[in-house]
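Here the structure is laid out as structure tokens; the discussion comes afterwards.
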Amino acid sequence: GAVVSQHPSWVICKSGTSVKIECRSLDFQATTMFWYRQFPKQSLMLMATSNEGSKATYEQGVEKDKFLINHASLTLSTLTVTSAHPEDSSFYICRADRDHTEAFFGQGTRLTVV
Amino acid sequence: GESVGLHLPTLSVQEGDNSIINCAYSNSASDYFIWYKQESGKGPQFIIDIRSNMDKRQGQRVTVLLNKTVKHLSLQIAATQPGDSAVYFCAERGNTDKLIFGTGTRLQVFP
């Protein structure tokens with residue numbers, strides 16, 4: 001079946017540094033990918049919609065200059081958390097839809113900023 | 001918009017019993033609904049979906065019921081097993097590709 005691969009699965013970084021998270025659709029092309037953030041004991045919150053070949057669409061309250069999204073190809077979207085701070089520590093999850101119908105999620109990335 | 005809760009409601013059931021997890025959705029224009037299972041430290045895993053032109057759909061050991069009148073969705077798990085322990089989220093989708101997630105319910109299965 002379709003698989004969405006997210007890397008890394010966890011990362012620890014120092015405050016002020018940047019972290020890049022990759023999301024790949026392994027056996028299908030996805031013109032649109034989505035990035036979610038999940039804090040402990042909370043639901044998934046949509047951060048942005050990543051569009052191949054164009055700018056990402058950010059949800060209200062999400063800083064586009066802090067969370068840089070690049071959808072360079074039909075199988076890869078990246079989320080870069082710039083100048084990370086401890087409050088950015090969270091579980092980040094990507095999603096890719098096959099044929100604009102079936103939604104597949106990555107394994108998630110646990111980001112810890114120290 | 002999205003609902004966020006600080007404390008996940010918990011459903012505790014005995015192994016072998018049936019579980020019913022409920023969800024209230026917000027957008028009457030949503031026409032596609034999905035239940036996801038999320039285990040600790042992992043991404044959501046698809047369980048079952050239903051479109052708004054249906055009110056019931058069955059899978060293997062799972063059934064989803066949709067009541068559009070009161071905007072309510074439920075997930076029934078038959079003969080609950082320890083491996084079913086996880087957090088369950090409902091999600092709704094309208095005329096865009098956005099999936100909006102509910103607050104989630106933690107299912108605990110005890111022997």
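Naming: A, B, ... by sequence-line order, numbering from 1 per chain. Computation of the quantities below employed the complete heavy-atom set of this structure, encompassing side-chain atoms and omitting hydrogens, waters and symmetry-equivalent molecules.
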inquiry  = Classify the ring geometry of A/Tyr92 against A/Phe67: parallel below 30°, tilted from 30° to 60°, perpendicular beyond 60°.
reply    =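 The arrangement is tilted - the two ring planes meet at 30° to 60°.
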
task = Just say parallel, tilted or perpendicular for the rings of A/Tyr36 and A/Phe105, cut-offs at 30° and 60°.
result =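 Tilted: the ring planes of A/Tyr36 and A/Phe105 meet at 30° to 60°.
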
query = Quick one: do A/Asp97 and B/Arg93 make a salt bridge, cutoff under 4.0 Å?
reply =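 Salt bridge flag = yes for B/Arg93 with A/Asp97.
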
inquiry  = Ring of A/Phe34, cation from A/Arg95 - is the NZ or CZ under 6.0 Å from the centre and inside 45° of the axis?
reply    =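 Yes; both conditions hold, so A/Arg95 lies above the ring face of A/Phe34.
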
request  = Name the region of A/Gln6, side chain, backbone, both or neither, that has any atom closer than 4.5 Å to a heavy atom of chain B.
outcome  =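 No part of A/Gln6 comes within 4.5 Å of chain B.
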
request  = Would you tell me whether B/Thr10 and B/Gln108 have side-chain atoms, one donor and one acceptor, within less than 3.5 Å of each other?
outcome  =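 Their side chains do not contain a donor-acceptor pair, so the 3.5 Å distance test is not met.
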
key: Between B/Gln38 and A/Gln38, a side-chain donor and acceptor under 3.5 Å   =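 Result is yes, a qualifying pair exists.
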
query = Which residue out of A/Gln60, A/Gln107, A/Glu102 racks up the most heavy-atom pairs below 4.5 Å with chain B?
reply =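 With the most close heavy-atom pairs to chain B, the winner is A/Gln107.
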
ask   = In Å, rounded to the nearest 0.5 Å, how long is the span from CG of A/Leu68 to CD of A/Glu63?
value =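 Nearest 0.5 Å value for the CG-CD distance: 11.0 Å.
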
request  = Can you check whether anything in residues 54-72 of chain B gets within less than 4.5 Å of chain A, heavy-atom wise, and list it by number?
outcome  =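 Near chain A, by residue number: none.
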
ask   = Does any heavy atom of chain A fall under 4.5 Å from the side chain of B/Gln45, the backbone, both, or neither of them?
value =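 Neither part.
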
